[in-house]
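Some notes on the structure that comes next.
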Amino acid sequence: MDDAVADLERERSRLGRTSTAERVADILRDRIIEGFFEPGQRLSEESISEALGVSRNTLRESFRLLGHERLLDHRLNRGVFVRVLSAEDVADLYRVRRVLQDAAVRRRPTGAALAVIREAVADAERSAAADDWRGVGTANIRFHQALVAMNGSPRLDETMRQLLAELRLVFHVMKNPRTFHEPFVVLNRKLLEHIEAGRRDEAAAFLADYLDHAERLLVHAYDPSR
């Protein structure tokens with residue numbers, strides 16, 4: 001918690017004079033996506049408000065916003081905690097992913113969209129080479145966000161961003177991040193190759209198998225009997 005909070009001090013410039021609860025929520029959501037906060041972790045109002053230089057009221061409103069996004073839990077007389085997801089949550093997240101991402105890979109990508117996807121794939125490969133598996137997880141999240149951006153819809157982008165923040169919390173269930181993330185570094189590269197070649201049906205079929213495999217791994221980690 002101390003390292004994650006100390007890192008928040010560098011984000012003060014994002015708030016500026018017009019600091020709002022929404023901007024604070026954006027920063028905290030980003031930290032969840034990047035793996036800094038773990039499921040079940042209690043968030044200290046005092047430490048975070050001091051690190052970001054915002055009032056307790058502003059921070060509490062940010063916590064409420066993230067609670068509505070199912071990222072935080074407010075526990076009576078105990079405080080605010082990062083949400084712990086279940087196997088049922090995993091299954092539901094993947095239902096939504098299939099809808100959003102299947103539609104995306106069937107579209108013709110713009111050059112700008114492809115550039116972001118390529119960058120995310122390359123970042124994952126660099127992080128894997130450096131044995132930085134949290135970095136690989138973050139690059140993987142950006143890869144899938146970039147795929148959904150091919151839909152060309154800001155509303156879908158926002159939906160996917162919130163969904164991926166929840167998914168990052170799911171990743172923490174994997175006891176060996178390398179074992180989980182490493183195969184997807186290669187799979188992301190293969191999916192990118194289908195997209196670059198304009199093989200839309202193949203990309204969609206590949207993605208379907210990809211998501212089925214990822215869901216099975218995560219559900220099994222929550223419940224080995226499944």
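A quick note: this is a predicted structure, and the numbers were derived from the prediction, not measured. Computed from heavy atoms alone, side chains included, the values below leave out hydrogens, waters and symmetry copies.
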Inset, instruction - Could you tell me whether F143 and F184 have their ring centroids closer than 6.0 angstrom? - result: no
Inset, instruction - Might you point out which heavy atoms bring A204 and V105 nearest each other, and give the distance in Å? - result: CA-CG2, 3.8 Å
Inset, instruction - Answer yes or no for R31 and F36: cation-pi contact, defined as NZ/CZ to six-membered ring centre under 6.0 Å and angle to ring axis within 45°. - result: yes
Inset, instruction - Give, for atom CD1 of I33 and atom CG of L169, the distance between the pair rounded to the nearest 0.5 Å. - result: 9.5 Å
Inset, instruction - Would you check if W133 and E182 make a side-chain contact, meaning some heavy-atom pair closer than 4.5 Å? - result: yes
Legend entry - Flag side-chain contact, heavy atom, 4.5 Å: R78 against F81: yes
Inset, instruction - Working to the nearest 0.5 Å, report the span between CD of Q145 and CD1 of I117. - result: 11.0 Å
Legend entry - Side-chain (N176) to main-chain (R178) donor-acceptor, under 3.5 angstrom: yes
Legend entry - Non-hydrogen atoms of L164 and I141 that approach each other most closely: CD1-O, 3.4 Å
Inset, instruction - Please name all residues satisfying side chain to side chain contact (heavy atoms under 4.5 Å, CB included) with V80, sequence neighbours left out, ordered by chain then number. - result: F63, L72, H74
Legend entry - Salt-bridge contact D26-R23 (side-chain N to carboxylate O under 4.0 Å): no
Inset, instruction - Provide the closest heavy-atom pair for A146 versus V116 in the form atom of the first, atom of the second, distance. - result: CB-CG1, 3.7 Å
Inset, instruction - Could you tell me the separation between the CD atom of E61 and the OG atom of S55, rounded to the nearest 0.5 Å? - result: 10.5 Å
Legend entry - Validation row: R108, R200 side chains within 4.5 angstrom (heavy atoms): yes
Inset, instruction - Please answer whether the main-chain N or O of E46 pairs with a side-chain N or O of S49 as donor and acceptor at a distance below 3.5 Å. - result: yes
Inset, instruction - Consider only side-chain N and O atoms of D89 and Y222, and report whether a donor and an acceptor are under 3.5 Å apart. - result: no
Inset, instruction - Might you work through the side chain to side chain contact (heavy atoms under 4.5 Å, CB included) test for L85 and L93, ending with a clear yes or no? - result: CA-CA 11 Å; L85 280 77; L93 288 170; 3.9 Å; yes
Legend entry - Donor-acceptor under 3.5 Å (D223 side chain, H220 main chain): no
Legend entry - Intermediate values then yes/no, salt bridge (charged side-chain N to carboxylate O under 4.0 Å, His left out), R98 and E215: CA-CA 11 Å; R98 288 183 181 91; E215 180 183 357; 2.5 Å; yes
Inset, instruction - Provide the closest heavy-atom pair for S62 versus A25 in the form atom of the first, atom of the second, distance. - result: OG-N, 3.7 Å
Inset, instruction - Supply the atom-to-atom distance E119 CD to L114 CG, rounded to the nearest 0.5 angstrom. - result: 13.0 Å
Inset, instruction - Compare all side-chain heavy atoms of I48 with those of L28 and state whether any distance is below 4.5 angstrom. - result: yes
Legend entry - Pairing of R126 and D132 as salt bridge, 4.0 angstrom limit: no
Inset, instruction - Determine whether the side chains of Q162 and E166 contain a donor N or O and an acceptor N or O closer than 3.5 Å. - result: no
Legend entry - Under 3.5 Å: donor-acceptor pair, side chain of T58, backbone of V54: no
Inset, instruction - Determine the minimum heavy-atom distance between H172 and G35, stating which atoms define it. - result: CE1-O, 3.8 Å
Inset, instruction - Cation-pi check, R168 to F171: give yes when NZ or CZ is under 6.0 Å from the six-membered ring centre and within 45° of the ring axis, no otherwise. - result: no
Inset, instruction - Can you spot which of R29, R161, R83 makes a side-chain hydrogen bond (donor to acceptor under 3.5 Å, both in side chains) with E69? - result: R29
Legend entry - Transitive ILVMFWY side-chain link V84 to L218, under 4.5 Å: no
Inset, instruction - Taking the side chain as every heavy atom from C-beta outward, state whether R118 and L192 have any pair of such atoms under 4.5 Å apart. - result: yes
Inset, instruction - Check the hydrophobic clustering (I, L, V, M, F, W, Y; side-chain heavy atoms under 4.5 Å; chains of links allowed) and say if V185 and M174 are grouped together. - result: no
Inset, instruction - Would you indicate whether the side-chain heavy atoms of D157 and M160 approach each other to under 4.5 Å? - result: no
Legend entry - Distance (rounded to the nearest 0.5 Å) between R106 CZ and L207 CG: 9.5 Å
Inset, instruction - Please answer whether the main-chain N or O of L211 pairs with a side-chain N or O of R216 as donor and acceptor at a distance below 3.5 Å. - result: no
Inset, instruction - May I ask you to check whether R97 and H144 show a side-chain donor-acceptor distance below 3.5 Å? - result: yes
Inset, instruction - Using a cut-off of 6.0 Å, state whether more than 12 heavy atoms not belonging to R155 lie near its atom CZ. - result: no
Inset, instruction - Please tell me if the side chains of P109 and I195 come closer than 4.5 Å, counting only heavy atoms from C-beta onward. - result: yes
Inset, instruction - Treat each ILVMFWY residue as a node, draw an edge where side-chain heavy atoms are under 4.5 Å apart, and state whether L163 and L65 are in one component. - result: no
Inset, instruction - Could you tell me whether the side chain of L187 reaches within less than 4.5 Å of the side chain of F206, counting heavy atoms only? - result: yes
Inset, instruction - For V219 and A87, work out which heavy atoms get closest and say how close. - result: CG2-O, 4.2 Å
Legend entry - From CG (D73) to CG (L43), nearest 0.5 Å: 10.5 Å
